[in-house]
Number of protein chains: 2
Amino acid sequence: MVMSRLRDVEIKHLVALRAVAEEGTFGRAATRLGYTQSAVSQQIAGLERALGAPVFDRPGGPRPVELTPLGSLLLEHANDVLGRLDAAGAAVERFVRGETGPLVVGTFQSVTTSILPTIVGRLREESPDVDIRLRESNDKEAFPGALVRGELDLAFTLDDDWPGVETEVLFEDPFVVVTPRSDLRAGCFPVQDLVGRGLVGYQLTSCQREIEEGLRRVVDGDLDWVFRTDDNLAVVALVRSGLGAAVVPRLAVDVDDDSVAIHDPEPPIPPRRVGLSWKAGRTLSPVALRFAEIAREACRPLQLSGTRAGAAAAVTTA
Amino acid sequence: MVMSRLRDVEIKHLVALRAVAEEGTFGRAATRLGYTQSAVSQQIAGLERALGAPVFDRPGGPRPVELTPLGSLLLEHANDVLGRLDAAGAAVERFVRGETGPLVVGTFQSVTTSILPTIVGRLREESPDVDIRLRESNDKEAFPGALVRGELDLAFTLDDDWPGVETEVLFEDPFVVVTPRSDLRAGCFPVQDLVGRGLVGYQLTSCQREIEEGLRRVVDGDLDWVFRTDDNLAVVALVRSGLGAAVVPRLAVDVDDDSVAIHDPEPPIPPRRVGLSWKAGRTLSPVALRFAEIAREACRPLQLSGTRAGAAAAVTTA
DNA sequence: ACATGACCATCAGCGTACGTGATCACGATG
DNA sequence: CATCGTGATCACGTACGCTGATGGTCATGT
């Protein structure tokens, strides 16, 4: 921890040592390094003063200098150290270019199954060496804490903002009504008509609670939930089978799936706002910034909310 | 080779980075490093200027600073580099103390079988980690070249001095006459008496040539060499068996061996001077200096030449 | 709401350290 | 013996880096 004799040794000393050892002459080493012979002479002298022993034998006259045994030993270590520094420089260079680096992103189911593959795919395409790690959770409260603790670089979040977390809204995710295909209505679906039909929905996570409270506020009568699952595909399949209807975020369904009918609810339910969050004040890595940029691009088509065409374009454009 | 962005980064920057990261505060890091808070602030600022990006997020107020992703990356490499520097410092320390280091010594047979084990033994005893390598050659001309080329640190040599090689005489190795034990004479042995007896000797290496020329100059008549071998033990064994007499360097025989008789030749043959040589002007490693010192001590009893007692004392005192 | 305290950034000032350029001393070479 | 290529040394000027003081920011406690 103290480096004893090397305490006053600087990188330039090691560089000079190497240059002189390779060139055989203070003057040529100086030229290579962009110094004068005098400077190199003083640098080596300083190195030897710090070590308390010479690193070169100067035969005098025009003969080249030669490493002492101590010089050889030190040179080996110097090459090692300088090699490490080069490696560090290269690593930093790749990092700031966004070519490498760790990136931990928090996500939740509907994002994971819809836009995330597109984003990750594009990022991996332009930077194959980035170490992307995903953590999925449907607990709204899990991510802000993880962000603040530094466990996550970025996280997809919904609505609320938390102290110490900055959020950029990516797009609005409206709720849609899914019914069997036979149920042909134009565009809007009066939510009042849901009363008396069987309903398929999610487990009572925060998202589902949001849906049910939203409906309760605008609907007369009780809603009849006949099945709950967190599997998006199962929900759609059960609707297709005629078991009932569903109210889900648009992101959760494949808008090109013609085996079911998709409608905008009437009156409309306030949409969820999907955002990208990070720890406030934290400098994001270049990879993280690039991820955010790609996410922004990928979500742009989704921002013109409501229309089915927009959503379809966004999700399939990979 | 250029370290790109790390070109202006100095060791102190990495030390400061580590200290701040571990302390969480510029001020405490400054205290630990023996600087003022201002200095550390400027050092980190300089580091960030060199990198072109911040390494710490300063939340402001009394909250501790935190590494940015770039800072984390750099810190990993910094720990690596600083660890290497520590290792280098430790290695240098051990080296200058003479505890480690490579040591290549040139030797020849009679030294190898007599005083060398003593010297090597003592050195290994006080410095078990020294990497001692021996190279044996009976060619007188081999070692000076190897010394000058830097292939050897030290070499035992005989007599002549070579350009570019410095030599310190360790002791004189007189020639002795070896005869069967039955041949009881007091002290001196007239070499003239060798004529007409069978003689055992070495192959015609430079040493043996020296012996034979020396004898020819003082002896009337031809000498009869009945057997030649380079094996010291064989020479003595053949003398013991009565095959003949031998003239050998005293170092080549065990002076305590009572199965043969050992005499000083009359007239005396000029003794060989055994020396320790090294490349002129070359700084010797601490291990090499210690080796030379031990060799000097070990050979001191041999310097009082001629007497059997002196030689015996030197060789057996390990 | 306000004062307090802990923290970092910035500034001016100053000493030192470092590189330059000139000169000296040395040894090989012809 | 003169020359040349070498490293060491010196005086000099600049520039860098540290200090000490000050100001701004944010959390905390009353």
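From a predicted model like this one, the values you see are computed outputs, not experimental measurements. Note on naming: letters A, B, ... go to the chains in the order of the sequence lines (proteins, then strands), and numbering restarts at 1 for each one.
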Next item on the list: Looking only at side-chain atoms of A:Val65, point me to the closest of C:dC8, C:dT20, D:dG7.
Entry: D:dG7

Identify all side-chain donor-acceptor contacts of residues 279-290 of chain A below 3.5 Å with residues at least two apart in sequence or on another chain.
unit_1   : atom_1 : unit_2   : atom_2 : d
A:Lys279 : NZ     : A:Val148 : O      : 3.1
A:Lys279 : NZ     : B:Glu66  : OE1    : 2.7
A:Lys279 : NZ     : B:Glu66  : OE2    : 3.3
A:Thr283 : OG1    : B:Asp57  : OD1    : 2.5
A:Ser285 : OG     : A:Ala288 : N      : 3.2
A:Arg290 : NE     : A:Glu126 : OE2    : 2.5
A:Arg290 : NH2    : A:Glu126 : OE1    : 3.2

Checklist line | Per B:Arg28 side chain, nearest of listed nucleotides C:dC7, C:dT20, D:dG17 | finding: C:dC7

Next item on the list: Go through C:dA6, D:dG17, C:dC18 for me and flag the one nearest to the B:Pro62 side chain.
Entry: C:dA6

Note to self: Need one value for A:Val40: base, sugar-phosphate or nothing, where a base atom within 4.0 Å counts as base even if backbone is also close, heavy atoms only.
What the structure shows: nothing

Note to self: Expressed as a whole number of angstroms, how long is the span from A:Leu47:CG to C:dC18:P?
What the structure shows: 12 Å

Checklist line | Value in whole Å for how far the C1' atom of D:dT6 lies from CZ of A:Phe56 | finding: 14 Å

Check: Listed by chain and number, what are the salt bridge (charged side-chain N to carboxylate O under 4.0 Å, His left out) partners of A:Asp129, not counting sequence neighbours?
Finding: none

Next item on the list: Flag the pair B:Arg84 and B:Asp86 as a salt bridge only when some basic side-chain nitrogen lies within less than 4.0 angstrom of an acidic carboxylate oxygen.
Entry: no

Next item on the list: Grab the CZ-C1' distance between B:Arg63 and D:dC26 for me, whole Å please.
Entry: 6 Å

Item checked: B:Glu213 and B:Arg209 ion-paired at < 4.0 Å -> no

Next item on the list: Check whether any side-chain N or O of B:Gln43 sits under 4.0 Å from OP1 or OP2 of D:dG17, and answer yes or no.
Entry: no

Notebook entry, point to check: More 5' along DNA chain C: A:His13 or B:Gly61, using each one's nearest nucleotide?
Noted result: B:Gly61

Item checked: Gap between atoms CD1 and P, on B:Ile44 and C:dA9 respectively (whole Å) -> 9 Å

Next item on the list: With sequence neighbours excluded, tell me which residues meet salt bridge (charged side-chain N to carboxylate O under 4.0 Å, His left out) with B:Glu10.
Entry: none

Margin query: Once salt bridge (charged side-chain N to carboxylate O under 4.0 Å, His left out) is applied, do any residues pair with B:Asp8, and if so which ones, sequence neighbours excluded?
Written below: none

Checklist line | Whole-Å distance separating the CZ atom of B:Arg49 from the C1' atom of C:dT10 | finding: 13 Å

Next item on the list: Consider the side chain of A:Lys12, meaning its heavy atoms from C-beta on, and name the nucleotide among D:dC18, C:dT20, C:dC18 that approaches it most closely.
Entry: C:dC18

Check: What is the distance, rounded to the nearest whole Å, between atom CD of B:Glu10 and atom P of D:dC16?
Finding: 13 Å

Margin query: Assuming nearest nucleotide by heavy-atom distance, tell me which of A:Thr25 and B:Thr36 is located more 5' along DNA chain D.
Written below: A:Thr25

Item checked: Partners meeting salt bridge (charged side-chain N to carboxylate O under 4.0 Å, His left out) with B:Glu297 (sequence neighbours left out) -> B:Arg122

Taking N or O atoms only and anything under 3.5 Å, show me the protein contacts with nucleotides 8-10 of chain D, one pair per line.
unit_1 : atom_1 : unit_2  : atom_2 : d
D:dA8  : OP1    : A:Arg58 : NE     : 2.6
D:dA8  : OP1    : A:Arg58 : NH2    : 3.0
D:dA8  : OP2    : A:Ser41 : OG     : 2.6
D:dA8  : N7     : A:Gln37 : NE2    : 3.2
D:dA8  : N6     : A:Gln37 : OE1    : 3.2
D:dT9  : O4     : A:Ser38 : OG     : 3.2

Notebook entry, point to check: Rounded to the nearest Å, what distance is computed from the CG atom of residue A:Asp57 to the C1' atom of nucleotide D:dT6?
Noted result: 15 Å

Item checked: Distance, rounded to the nearest Å, where B:Leu33 contributes CG and D:dT19 contributes P -> 11 Å

Next item on the list: For A:Gly27, answer base if it contacts any base atom (sugar-phosphate contacts may also be present), sugar-phosphate if it contacts only those atoms, and nothing otherwise; contact means non-hydrogen atoms under 4.0 Å.
Entry: sugar-phosphate

